[in-house]
Amino acid sequence: MELNSQEINKLDKRILTSLHSQTTIDNYGAVIRELVQNSMDANATRIIIRLDLNSIGAIISDNGYGISPDNLDKIGERYSTSKLKSWSDLKNVKSFGFRGEALHFISSMTDFSIISKHKSYKSAFKVYTNGSSKKICIYDLDKNSKTLFHMELIQKAGTIVSFRNLFHNLPVRRKHIISLSSHKLIEQVREAVFVSLIKNPLIHIIVYEDNFKTGELSKCFEVNCQSGSYSDIYKNIYGITNLVDSMPISAKFMNYTICGFIGEAQANKNQFVFINNRPFCIPSEHSKELNKLFNSFNTLDSEQDLIKSSGPFCQFQTFLLYVSTPTETSELIQTPSKMVYYSKHWPFIFEMVKKIFIRYAESRGVSNEVLREKFLKTPSPKKQSIQMSFSPSLARFAYNSNMKSNDIQEIEYNPQDSYGTGSPRKKRKSNSQLGTSHSCVSSHSPSHIKIESSISRDDLKNRNYRIVKQIDKKFILLSMNKEKANNLIILDQHASDERVKVEKLFKEFIESVVDPTINISLRLLNPIEISLSHSEIGLFHEYIENLKMFGINFQSSNNKILVTHLPHYLLEKVKDDCKFLKLSLLQHLHDLENKVKSTTLGDNWIADINALPRVLVEIINSKSCRSAIMFGEHLTMHQMEVLVRDLGNCKLPFQCAHGRPTIVPLVNLSN
């Protein structure tokens with residue numbers, strides 16, 4: 001039967017409810033958020049949450065004013081609310097919720113019940129749903145005191161809400177949520193609690209996880225900040241190690257007030273803006289601009305970098321900005337999740353935020369003039385090609401021993417770039433030095449170079465060159481014949497040998513990792529104990545198989561892990577440095593969580609370098625640098641031939657382990 005001949009019918013009410021509910025409640029954390037905010041709207045000062053991750057449920061107990069028996073029959077009815085009576089009330093609404101939708105949708109997707117005692121009544125009452133039906137009865141608190149979760153909270157007044165089997169009537173959504181790890185579900189709860197506490201920072205909240213195998217409760221986190229400090233709340237929820245060097249901020253202009261904090265964290269995910277108690281979704285272009293500003297701090301001439309991305313650690317900026325502005329009705333009705341996606345105040349707020357961040361940078365030692373010049377000048381990245389240029393000025397420059405890798409511009413796969421995703425990409429610009437030492441860092445930059453000719457990997461592999469001589473015990477001069485042109489190029493002996501060695505070390509290590517007959521895990525004579533937050537413990541268990549793959553084994557108990565095995569590279573570096581090991585492992589776990597690193601290895605060792613922990617990449621890079629031929633070492637003709645031949649067999653012959661160029665063109669002798 002053709003579609004246009006079919007009868008059009010109105011959707012069943014239950015189908016409509018299921019479809020609409022998914023726009024309001026789309027994950028586990030959203031349910032917790034709605035129920036916690038209901039408790040806060042009931043003037044609760046203490047909230048206790050028991051997470052049931054086995055059935056995907058929870059019990060939330062509070063000491064709020066409770067629900068009157070007269071209103072019990074309206075619980076869960078759509079568009080039934082005690083917070084709003086007319087449109088004129090909307091602008092002055094102070095509560096989180098007012099739509100009358102959350103409990104309706106939660107009860108439609110879960111096995112749901114409420115036990116509540118109003119302060120004006122001696123008895124408690126219970127409301128529970130069974131499919132489409134709802135039942136109400138008197139509840140005997142004394143009789144059920146031993147089985148009721150934290151019954152003491154509602155002895156005078158309060159409410160206990162419980163739900164189980166979230167999305168039980170939505171098979172696809174249910175399958176997805178069951179597949180999530182405990183760590184990811186608890187992280188949703190952390191964010192739900194954090195977002196809710198912004199409006200009421202003095203409320204005492206405890207979150208437990210129910211171990212369905214042992215029947216025991218373990219505390220996930222507790223928030224009881226009498227100071228009302230947002231940074232203290234953040235540390236209580238996410239762990240004190242997830243926020244370092246935090247600084248409170250405060251600004252006021254006309255009717256706009258901004259307060260909060262700015263700090264650093266290893267996880268690039270916690271950047272919050274709230275407008276009048278509601279989370280605001282920062283426009284992507286503005287988010288990029290703010291992070292671009294922070295990333296620029298690392299290149300500025302300052303006493304202390306604000307973004308630390310050197311070595312195996314990468315600190316990201318974490319901030320919370322609480323903005324008070326004149327209330328706009330449009331900001332209250334955009335989404336059921338209470339997220340604000342558009343605010344007419346935001347353009348002005350954004351300008352204030354930029355000034356706050358600049359002041360923050362200045363307070364950390366960044367020069368005012370340099371910072372403003374750097375921030376205001378935002379040139380677009382240069383289009384790169386594999387072409388390389390020849391000019392007499394470059395020859396003089398190279399011979400004077402200063403060069404930056406961005407002067408040879410190319411697009412190639414860069415496995416050393418552990419910040420990437422493993423796909424072909426433009427090379428990150430990194431400083432280099434071809435001076436009297438073998439360091440791969442420099443602050444010099446040459447003049448602009450025209451792009452006229454190219455050198456390919458095949459030119460080296462097919463030996464389309466002739467070695468002329470060694471220059472100054474630093475470089476190897478080559479004459480390359482190509483396309484009826486005689487090109488003179490210079491090869492950095494240290495950078496070239498470093499490339500040869502780093503590829504050999506990476507290949508050997510990755511092949512040993514994937515070889516089931518080789519055990520790369522070495523037992524520590526003195527296991528290293530590391531103290532962690534509950535969230536960090538969850539990360540270790542989430543990616544335990546990935547850590548084992550790289551020879552990292554541990555045992556856990558309470559809020560500590562005991563590292564018992566490490567691969568030899570890491571063992572040599574760490575020794576007994578507990579802090580270094582902790583930061584290195586957490587960096588890798590955050591990279592896995594943020595999908596910066598792949599969780600598995602493939603069959604291409606050069607591509608698999610991107611899956612290695614940053615710390616291992618840094619160690620192998622450093623090892624190849626230290627063991628490579630140094631400046632000042634004399635090379636025989638045979639040694640030079642072997643070096644150039646081995647470089648031609650490399651996967652990425654044109655850069656050393658740190659991104660410094662191995663080959664620089666000097667002049668086209670045909671011209």
Side-chain angles (χ1 to χ4, degrees), residues 27-40 44-63 149-150 152-153 160-164 166 177-178 180-198 200-225 230-243 265-267 269-270 272 318 530-544 554-561 582 586 589-590 593:
N27 60 50
Y28 182 62
V31 182
I32 302 298
R33 181 194 67 226
E34 294 295 337
L35 296 179
V36 167
Q37 291 178 357
N38 273 353
S39 296
M40 292 180 172
T45 59
R46 193 160 184 251
I47 302 171
I48 302 178
I49 305 171
R50 177 175 179 169
L51 305 178
D52 177 6
L53 302 183
N54 182 42
S55 74
I56 315 297
I59 302 174
I60 294 92
S61 304
D62 70 60
N63 63 347
F149 180 65
H150 279 276
E152 74 279 2
L153 282 180
I160 299 177
V161 180
S162 68
F163 71 92
R164 300 178 72 252
L166 178 62
I177 200 168
I178 288 177
L180 297 178
S181 66
S182 296
H183 169 72
K184 290 182 178 178
L185 292 173
I186 293 175
E187 287 303 298
Q188 292 180 11
V189 175
R190 291 181 197 278
E191 183 171 347
V193 172
F194 182 69
V195 167
S196 302
L197 279 170
I198 296 305
N200 301 288
L202 299 181
I203 294 179
H204 183 190
I205 297 182
I206 308 175
V207 179
Y208 295 98
E209 179 186 357
D210 190 350
N211 188 324
F212 70 95
K213 292 182 179 179
T214 64
E216 298 178 350
L217 293 180
S218 60
K219 185 188 290 187
C220 297
F221 60 90
E222 179 177 4
V223 187
N224 188 17
C225 297
Y230 293 136
S231 60
D232 288 345
I233 293 174
Y234 183 92
K235 291 175 183 177
N236 286 167
I237 294 177
Y238 290 100
I240 193 168
T241 57
N242 281 327
L243 183 64
Q266 268 188 293
K269 59 180 179 181
N270 294 325
F272 301 96
T318 293
I530 301 176
S531 297
L532 299 166
S533 68
H534 186 277
S535 176
E536 291 166 344
I537 287 283
L539 267 179
F540 271 87
H541 286 288
E542 171 81 2
Y543 298 107
I544 186 171
F554 67 90
Q555 300 170 357
S556 63
S557 62
N558 298 325
N559 287 334
K560 294 181 180 179
I561 65 165
K582 175 181 177 178
L586 284 175
L589 295 175
H590 287 307
E593 184 180 32

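Both backbone and side-chain heavy atoms feed into the values below; hydrogens, waters and symmetry mates do not.
- H183 pairs with exactly one of H534, E542, E593 by the side-chain hydrogen bond (donor to acceptor under 3.5 Å, both in side chains) rule, that one being E593.
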* Stepwise side chain to side chain contact (heavy atoms under 4.5 Å, CB included) test for I186 and L53 -> CA-CA 9 Å; I186 293 175; L53 302 183; 3.9 Å; yes
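- With E536 contributing its side chain and S533 its backbone, the two residues share a donor-acceptor pair below 3.5 Å.
- With a 4.5 Å cut-off on side-chain heavy atoms, K219 and E222 count as touching.
- When all heavy atoms are compared, the tightest approach of C225 to L202 is O-CD2, 3.4 Å.
- Of all the heavy atoms in G29 and A192, the pair that sits closest is O-CB, 3.4 Å.
- Within the 4.5 Å cutoff, side-chain heavy atoms of L185 are placed close to those of I56.
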* Asked: Is there a side chain to side chain contact (heavy atoms under 4.5 Å, CB included) between V36 and I49 once you walk through the steps?
  -> CA-CA 9 Å; V36 167; I49 305 171; 3.6 Å; yes
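- Here the side chain of N27 pairs a donor or acceptor atom with the backbone of A30 at under 3.5 angstrom.
- Here the closest non-hydrogen pair linking M40 and S196 is SD-O, 3.4 Å.
- Residues S61 and I47 are not in side-chain contact: their nearest non-hydrogen atoms beyond the backbone lie 4.5 Å or more apart.
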* Report the C-alpha distance between H590 and Y543 in whole Å, list the side-chain angles of each, state the deciding distance to 0.1 Å, and finish with yes or no for ring pair (Phe, Tyr, Trp, His ring centres under 6.0 Å). => CA-CA 10 Å; H590 287 307; Y543 298 107; 9.8 Å; no
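- In this structure the side chain of E216 never reaches within 4.5 angstrom of the side chain of D210, judged on heavy atoms.
- Contact annotation: the side chain of L51 never approaches that of I59 to less than 4.5 Å [non-hydrogen atoms, C-beta and beyond].
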* To do: Would you please test N270 and Y238 for side chain to side chain contact (heavy atoms under 4.5 Å, CB included) and show each step?
  => CA-CA 10 Å; N270 294 325; Y238 290 100; 4.1 Å; yes
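- With contacts defined as side-chain heavy-atom distances shorter than 4.5 Å, the pair K582/L532 qualifies.
- Across all their heavy atoms, L217 and R50 have their closest contact at CD2-NE, 3.5 Å.
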* To do: Apply the test side-chain hydrogen bond (donor to acceptor under 3.5 Å, both in side chains) to residues T45 and N63: give CA-CA distance (whole Å), side-chain angles for both, the deciding distance (0.1 Å), then the verdict.
  => CA-CA 7 Å; T45 59; N63 63 347; 2.9 Å; yes
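- Salt bridge status for R190 with E187: present, with a side-chain N to carboxylate O gap under 4.0 Å.
- Contact annotation: the side chain of Y28 approaches that of I177 to within less than 4.5 Å [non-hydrogen atoms, C-beta and beyond].
- Between F272 and F194, the distance from one ring center to the other falls under 6.0 angstrom.
- Between S39 and I60, the shortest heavy-atom contact is OG-CG2, 4.0 Å.
- Nearest heavy atoms, V193 versus V207: CG2-CG2, 4.4 Å.
- Contact of the C220 side chain with the V189 side chain is not registered, since no non-hydrogen atoms from C-beta on lie closer than 4.5 Å.
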